[in-house]
Structure formats: C-alpha cells, structure tokens
2 protein chains.
Amino acid sequence: MSQDNSLRDQIIALYDEMSPQLQQAARYVLENPQEVALVSMRGLARNAGVQPATMTRLAKFMGLAGYEDIRAYYAKAIRMRADGFAARAMERETTVPDQGSDLAQHMLQSLAAQITKLSEPESLARIQAVANRLNQARRIYVLGLRSCHSVAWHFHYVMTLLGEKTIHLDGPAGTGGDGLLHATDKDVLLVVSISPYALHSLELAAAAREQGMAVITITDSEVSPLIAISEVAVLCSTESQTFFHTLTPALAISEVLCGLLASQDRLGALEALQNADRHLQSLNTYANNIPRRRI
Amino acid sequence: MSQDNSLRDQIIALYDEMSPQLQQAARYVLENPQEVALVSMRGLARNAGVQPATMTRLAKFMGLAGYEDIRAYYAKAIRMRADGFAARAMERETTVPDQGSDLAQHMLQSLAAQITKLSEPESLARIQAVANRLNQARRIYVLGLRSCHSVAWHFHYVMTLLGEKTIHLDGPAGTGGDGLLHATDKDVLLVVSISPYALHSLELAAAAREQGMAVITITDSEVSPLIAISEVAVLCSTESQTFFHTLTPALAISEVLCGLLASQDRLGALEALQNADRHLQSLNTYANNIPRRRI
DNA sequence: ACAACTTTGCAACATATGTTTCATATTAAT
DNA sequence: ATTAATATGAAACATATGTTGCAAAGTTGT
C-alpha cells in the first residue's frame, strides 16, 4: 500500500506482529509523534501506560539499536516541518482539488469555532449548573427524538458504563409516556431537542413537569419552547452550511456532562467501570488481541 | 513594540544586560528555538559554544527556577504549532470557579483542537476520498455498534432525509448478518468503530468484504484492525481527559460526509428534502407554532 | 595599583535516563 | 497436562543530565 521507508510506516506494517504491550507502546507513538521527541523515554512510557523497558523493546523490535533512534527519527520530523513550513503554506493556498473540499474545510472549522465558543464562561457556567443538577437526581430519564436520538443515546450509553442511573426513553414503549410511569420528583428528565422541535418531545417534557420532575434541557436557542419548562438548560449552536443542523456541539456538551458527572463521583465511577469492563470481557464483546499469525 | 510576556521577548529585552557568555547562549537559543526542545542541555551548550553551566545561569538570570523551564517553554511552542490554532485558545488562563469547571473547559478546547486538526490537508483528502466512494455506491450499509451506534444512527438519519440510499444495520436482525443478504458489490459498507473494537463489527465488515463489498471505515487509528480490510478510511481522534473516548470528532466527520454527499447531488438532495418535509408535515411530527406560556 | 566585584571554566554532585538482567506470568505446542 | 517458548514487570546498572561550589580570570572603581 504505502512505502516502508519511513519509520512510521514500518511501525504500522509490523504492528500486527507485535505483542500487546508493544502494540500499546507503538500506538501511543503513532498517535503522539511529537511527544516522542519532546519527552523523555520514561515519561513517554508513563503516558503510554507501559513499562520503560517496553519502549526499548519496541526499538529493538523495529530493528534499531536503541530507543535513541526512535527519538532521532521524530526529532528530525519536527525539524523538517519547520524548514518546509513555507512550502506547506504555499501548498495549502494553491490546492483546490475537489469542488467540495472547501465545503468540508469550512464545515470543520466552523464546528471547531462553535465548540470553542462553548468553552466561554457563560456557556461553561450553564454546563456546570446542569451537571450539578443531574448529579443531585436519583435517576436521569433521557429523551431525544429524531436527529437528537444520537445524542441522547450516546449520553445514556456512556452513563450506563458508570452505573444504572439513566433510563433512555426510546422506542415506541418509552416514548409512549409509560416510560415515565415510575418517575418521581427525585428524578429528572434530560431532554435533547433542536429546531424543528419534535412535538412528542415537548409533550413528554410537559408531562414530566406536570409529574413534578425537573426538566433539564440541551437545546439550540434561548427561545426554544423547552426553555420555558426547564429548570436549567444548556444551549448548543446548530448552525451549519448544509441543509441539516449540526449536532456536533450538542454531542460535545453531552460528553462534557458525562465527564463532569464521572469526576464528581470518582470512586463510584471507577467501581462501576470495572464492573462494566468485567461484564463486557466475559461476553467477549471486544476484540482484545488481534489474531497473531505465528512465524 | 512587543509584549514582555513571552520568554522569547523577555530574553530579547534583557539581552543587553547579560554578560558576554550569557549573550552567546541567549543568542543561540533565540536563533535555534527548536533545538532547545529537541536537544539535551549539554548538547545545546556544546552547539552554542558555551559551558553547560551557562545555560543554567541563563535560566536563573531570566528569573526561572532552572533550565527545565526554558525547555518547557520551547516544547510548548512546538506542541502548539502541531495542535493547530485552536490550541492557542487553550493558552487562556483557566478561571477556576467550580472544581470541575476547568475539566469542562479543557474538554471543550481539546475537542475544538481535534476538529481543527481534521481540517488539515491530509485528513481533508481522506474525507473527500470517502465521500467520493460513498457517492459511487448504489447503497450504503451503515454499521456502528456500542458507542459508535450514535454516529452510525445519525449518519443514517440525515441520509434518509436525502433519499433511501442508506440501510442501517441495527438491532438483532440487522447485525445478525442477514442485513447484508441483498447487498452486492455495487454496495458499500460504512463501518464506524473505535478502540476497543466491537468484535461483531469486525466480523460483519469481514463478511461484507468476502461478499465483494467495499468496506469504508471511520476509525481511530492507522493500526485499527479495520484499516486492513478497508478500501478507504478516515481517522478520527478519540482522546479525551475522561474515562471514555470522545466521539465528537467522529460525528463531525459523519456530518461533513453528509454535507459532501448532498452537495454532490444538489438537485436530488433538494427534491428528497422536500419529500421528507411534506411527509413529516403531514404526520405533524414537529411543532410549528409554539405555544409559549410562562409558568 | 589594589581591592572589591563579577564573570567564567572546571570538576564534583545528586538525580534522571536508557538499557539490561532475571524472575514470574502468560501463551502456544506437544 | 506438561513442557517449551514467549511476554511482561521489577529491579539493578552504567551512563548522561542538570545543577552547584569553588577557584581562576577578568573587570571596575578608587
């Protein structure tokens, strides 16, 4: 496929023949190339979650004399990037390959900007408030229909790794309203909805509120119909240069919320995680060691 | 002229007050900033034609604790250039109101940086290649299990607005393999999977390939087991300061792909959209006039 | 010219680094 | 099931690193 001259390509090529620990080291090296040149080997090993010796072994495995050769390679790469900087800038200016390539670039840069904006104090405060409120809740019912299903599902999925605190209102049963049958005022409803707002989401949120539950919202505007019935809310921009609204900022918020919830109950999270791990392990859900062919 | 905040500027400002040897060291540092981060202090001193002690003295002279601070500064500079411009925003001092607030800030800024990185030429080219390949396909089968379900679902959902080109391999039926029953070599399988890779995704992808379908992948690494069986692939970073991997970049890629596909068939997309709109309208799925009332 | 002061080079120091060795754990083969 | 082979973790090792102390050289002021 690609040439085997560069060390990077060689590592990729030989990756499948490596032992698990070597793979872990190699993967970290591939994903953090500049760290190799900037951090000591022991530091790198620590960040990669690997023994120092493993880095030396990786070098030997690659047919090199020692780790210093690996560092030298990545140091040279950094030096070269500095030299070729002007050339690269030129290339970027002149390259107009596909007609859609600039659309892709614009979309990505705009998404990055939107997420950066979420990290400003006002937005941050709201996220924190939502996290605190979610933390107090006994149970979190999660609702997201249509496009927002993906965000709701992801939130629920991550939270199940942390325990059984969330219930996903999903499918014909859940969204029928009987999903909230056992909900009390100690529980909250986290609803994700953006314009155009699914009627069903509004109805369910209203029902939850009638029932005495606090409604917590991830939505796209201060004038979203959900704001009126929400105790706290976070806003996500959904602007996109396409025909559909972006959910990437909403997903980012969802992930941050999960992160905050986990960090507020660090010990519980850790324990729940180990349980989930064991469970999935026993079910053989994930590929652990990629089949190694013998030599 | 310029500010005294950056170490570089500080060295320039104090240059005239330095002793000859310190000046020589400082000059070398200013002219070879990268070397500071890439070479050991003794090596740097040798190249600068100065005693090792002089480098330490330079650090002390600049009011720093030791040489390590100088190296740290120049290492950070290198890292920042690599992480793109979004990383520059990370320079902002963290306002620390709540204990978790800086976690939220870090997560968001790092997500923004990761997405910015996707807009670099190499990554952009891969996205474009994937979009082109998807465009050629007669049908797109979409697969994403576990956490990646959210991305797969979202891709499928958006694409259904554009017509009936995609089929989501979902639920016990779809993932059983009979979902691919009617697939031919004119169809492709778009699989989303990140580490740890769901065994089932790998098996289905392998089956699809056996069947003559092209496998197209959104995954997290050049050494992902899916790369080997994929015709084209896009890489998304998943690094996160939490216990789980982020899917925000993956979702961003998914959205960009949808945008590109729509723009490549602008007329068809428009027509399909109008159909979808009419359909949902007739079902009264969305709230049109929102009854706003205060509580 | 002489003393007080600063700068510089050198060597010693404690520490951190990359490597190697060896015992244990894990995996594969018979 | 037992043995052989390999992979891993922990500690020991020699070396390189950043720092400090001190004496020689140089500079400045009187």
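Without hydrogens or angle criteria, B/Lys117 side chain to B/Ser123 main chain gives no donor-acceptor distance under 3.5 Å.
A heavy atom closer than 4.0 Å to some atom of DNA chain C occurs in no member of residues 60-74 of chain B. In the region residues 39-55 of chain B, proximity to DNA chain C at under 4.0 angstrom, judged on heavy atoms, holds for B/Gln51, B/Ala53.
Between A/Ser19 and D/dA7 there is no side-chain N or O to OP1 or OP2 distance below 4.0 Å.
When the side-chain hydrogen bond (donor to acceptor under 3.5 Å, both in side chains) test is applied to A/Thr166, the partners found at least two apart in sequence or on another chain are A/His156.
For B/Gln21 and C/dC10, the CD to P distance is 11 Å, given to the nearest whole Å. We find that CE of B/Met18 is positioned 18 Å from P of C/dT6, with the value rounded to whole Å. Whole-Å rounding puts the A/Gln23 CD to D/dT8 C1' distance at 14 Å. Atom CG of B/Leu58 and atom C1' of C/dG9 are 17 Å apart (whole Å).
Classification of B/Arg209 and B/Glu203 as a salt-bridged pair fails, no side-chain N sitting under 4.0 Å from a carboxylate O.
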Just list the side-chain donor-acceptor pairs under 3.5 Å for residues 45-55 of chain B, sequence neighbours left out, or say none.
residue	atom	partner	partner atom	Å
B/Asn47	ND2	B/Gly43	O	3.4
B/Thr54	OG1	B/Gln51	O	3.3

Would you give me the side-chain donor-acceptor pairs under 3.5 Å for residues 243-254 of chain B, sequence neighbours excluded?
residue	atom	partner	partner atom	Å
B/His245	ND1	B/Ser195	O	2.9
B/Thr246	OG1	A/Glu255	OE1	2.5
B/Thr246	OG1	A/Glu255	OE2	3.3
B/Thr246	OG1	B/Thr248	N	3.1
B/Thr246	OG1	B/Thr248	OG1	3.4
B/Thr248	OG1	A/Glu255	OE1	2.9

Name every donor-acceptor pair, under 3.5 Å, that has one atom in a side chain of residues 60-73 of chain A and the other anywhere in the protein, sequence neighbours excluded.
residue	atom	partner	partner atom	Å
A/Glu68	OE2	A/Arg71	NE	3.0
A/Asp69	OD2	A/Ala65	N	3.4
A/Arg71	NH1	A/Val39	O	3.2

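Listed nucleotides: D/dA7, C/dT8, D/dG9. Nearest to the side chain of A/Pro20: D/dA7.
For C/dG18, the base has no donor-acceptor partner in the side chain of A/Arg57 [N/O atoms by modelled type, under 3.5 angstrom].
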